[in-house]
Amino acid sequence: MSKSVSVLTQYFGFDSFREGQEGVIDAVISGRDALAVMPTGAGKSLCFQLPALILDGVTIVVSPLISLMRDQVQSLVTEGIPAAYINSSLTQGQVAKVIRNAAEGKYKLIYVAPERLLTRSIYELVQCIDISFLAVDEAHCISQWGQDFRPSYLDIPRFIESLLKRPVVAAFTATATPRVRKDISDALILHNPFTIITGFDRPNLYFEVRKPSKKYPALLSYLNTTNGNGIIYCSTRKEVERVTERLRQDKISAVRYHAGLTDYERATAQDDFLYDRVRVIVATNAFGMGIDKSNVRFVIHYNMPQNIESYYQEAGRAGRDGLESYCILFFNYSDIITANFLIDKSENKEEIKRNRQLLDKIKQYCETTTCLRSYILNYFGEKHTGNCDNCSNCITSKTNQKTDITEDAQKVLSCIVRVTNAGSPANIQTIKNIVKGVKDDYLILSELHKLPTFGVMRGAESVYLDKIFAELAAGGYIEYSEIIPPEVILTQSARNVLFGNTKVFIIDENA
Ligand code: ADP
Ligand code: MG
């Protein structure tokens with residue numbers, strides 16, 4: 001039995017490696033740098049924890065989150081592996097103690113927060129220990145193209161330079177487009193790294209985009225008709241508060257989690273969820289990195305996330321145990337407004353531009369009628385042929401016939417534009433009468449019957465026109481004003497339909 005397999009069973013209690021682990025571990029042990037892109041839950045931690053036990057000297061792990069370090073160190077120590085961490089949760093006295101112990105050779109692994117790397121205490125530490133291996137966890141934090149850019153990650157190369165002897169360096173991440181991958185290996189100056197990218201596909205996850213006209217009732221009905229625990233992501237703290245409150249009123253056991261809470265409140269909420277004391281955690285994207293809960297049955301995005309990277313990472317927290325799980329994104333047009341608002345908060349023009357490009361891709365995900373899984377996998381540079389049979393688009397296209405109504409939708413939209421430009425209120429009834437060519441007193445009085453769109457859909461049934469309006473609203477191409485009777489307002493994305501860049505379908509449901 002090879003050394004790494006015996007360590008695997010002896011210390012970690014596993015019988016065999018998972019896909020990708022052995023290659024990375026062998027590379028590191030033999031002194032070669034590595035870049036491992038493996039999905040959440042694939043077992044990346046083992047790829048640095050196990051070599052740490054085999055290599056002489058100490059392994060330094062750079063990790064972005066205090067909770068993540070604490071959890072990993074706790075479980076290592078429980079397994080009899082000497083490990084410690086240095087981050088802002090420790091007092092100066094505690095840091096000094098860790099450094100004393102380290103100098104005496106008491107640890108195999110030391111987790112360090114990136115902000116600490118260039119501090120005096122770490123400088124003193126590295127003078128007296130032999131660092132054989134530097135593992136950079138959540139390495140996408142080094143790229144501005146990742147969703148969790150951490151400027152302090154850029155200190156890592158300087159830290160490496162400051163060492164007397166360059167250790168083996170390995171980077172680990174779950175989420176990396178080709179661009180982020182390149183950023184990681186450039187920024188860390190990896191030497192001819194052994195690179196492994198294991199499949200991103202998570203076949204047990206079902207993907208769905210829903211466009212409910214009212215989100216909360218849709219959420220409640222989902223929760224009332226399914227079992228299991230799950231995460232509900234919202235894009236703002238306010239929304240987290242609102243949704244949690246309403247769920248509690250509706251007798252769903254829920255806790256909230258966002259950066260506006262105290263450390264204690266967050267830790268309690270997280271534990272309540274991890275140990276199944278509540279069914280649902282409603283959270284902003286502050287929740288989840290490094291969370292290792294295997295039986296999350298659903299991840300619902302109550303708002304459209306900011307980009308595909310965040311979406312796949314957050315949704316990927318469902319079903320780590322390999323059982324069937326659900327990733328559902330609730331989308332409506334106002335999500336785009338919120339997302340843009342969040343993006344515009346930045347002062348950095350470049351960043352705004354970048355984030356808008358990323359936003360476009362997630363918008364397309366919400367609007368596409370093709371296989372959702374293949375959309376995501378293709379985004380990450382992995383070929384997938386589509387027809388996964390486990391996403392809402394594949395299921396819909398299988399069971400229903402779709403009819404392309406783009407041309408009629410264009411007629412309706414351009415009619416709305418013309419009525420609005422003529423200074424008249426674009427009520428549904430007015431629009432319907434114009435396109436149908438029905439000359440009522442109002443049209444004659446306001447001379448709307450002279451518009452070129454008058455009668456372009458002569459003979460169309462009212463029910464059919466209702467379907468077009470519903471589809472346009474669901475697709476976020478139109479909105480209704482608050483006044484009664486409501487006026488129809490075109491949104492930005494209506495242009496995509498008007499100019500033929502986006503098709504509109506209605507689904508003929510099979511009985
Ligand atoms: P990642 O960091 O890639 O998201 P983790 O390192 O947190 O994943 O591991 C996810 C889970 O998989 C953990 O519970 C871990 O104990 C388990 N695991 C890792 N490697 C193996 C293995 N070879 N066999 C069985 N379980 C494993
Ligand atoms: Mg991890």
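All ligand and atom numbering here is 1-based and tracks the order in the structure.
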>> Is it the case that ligand 1 has an N or O less than 3.5 angstrom from some N or O of G43?
In response: yes
Can you tell me which residue and heavy atom of the protein come closest to [atom], and the distance to 0.1 Å?
atom                    : answer
atom 13 (C) of ligand 1 : D292 OD2, 3.4 Å
atom 22 (C) of ligand 1 : F14 CD1, 3.5 Å
atom 10 (C) of ligand 1 : G41 O, 3.7 Å
atom 6 (O) of ligand 1  : S45 OG, 2.5 Å

> Any ion pair linking D201 and R373 (charged N to carboxylate O, less than 4.0 Å)?
Replying inline: yes
>> Taking the basic N atoms (NZ, or NE/NH1/NH2) and the acidic carboxylate oxygens, is any pair closer than 4.0 Å for E208 and R210?
In response: yes
> If you draw the axis of the six-membered ring of F273, does the NZ or CZ of K293 fall within 45° of it and under 6.0 Å from the ring centre?
Replying inline: yes
> Within 45° of the axis and under 6.0 Å from the centre of the six-membered ring of Y302, does NZ or CZ of K215 qualify?
Replying inline: yes
>> Tell me the nearest of E19, Q72, R18, K44 to atom 26 (N) of ligand 1, using heavy-atom distances.
In response: R18
>> Looking at ligand 1, would Q21 count as a contact under a 4.0 Å heavy-atom criterion?
In response: yes
>> So for S16, does at least one of its heavy atoms come nearer than 4.0 angstrom to any atom of ligand 1?
In response: yes
> Cut-off 3.5 Å, side chains only: do Q49 and Q72 have a donor facing an acceptor?
Replying inline: yes
>> Testing the 3.5 Å rule here: is there a donor-acceptor pair between the side chains of T173 and H140?
In response: yes
> Knowing that exactly one of Y233, Y375, F331, Y365 qualifies, which makes a ring-ring contact (aromatic ring centres under 6.0 Å, His included) with Y311?
Replying inline: Y365
> Side chain, backbone, both or neither: which part of A174 has a heavy atom under 4.0 Å from ligand 1?
Replying inline: neither
>> At less than 4.0 angstrom from any non-hydrogen atom of P39, what atoms of ligand 1 do you find?
In response: 3 (O)
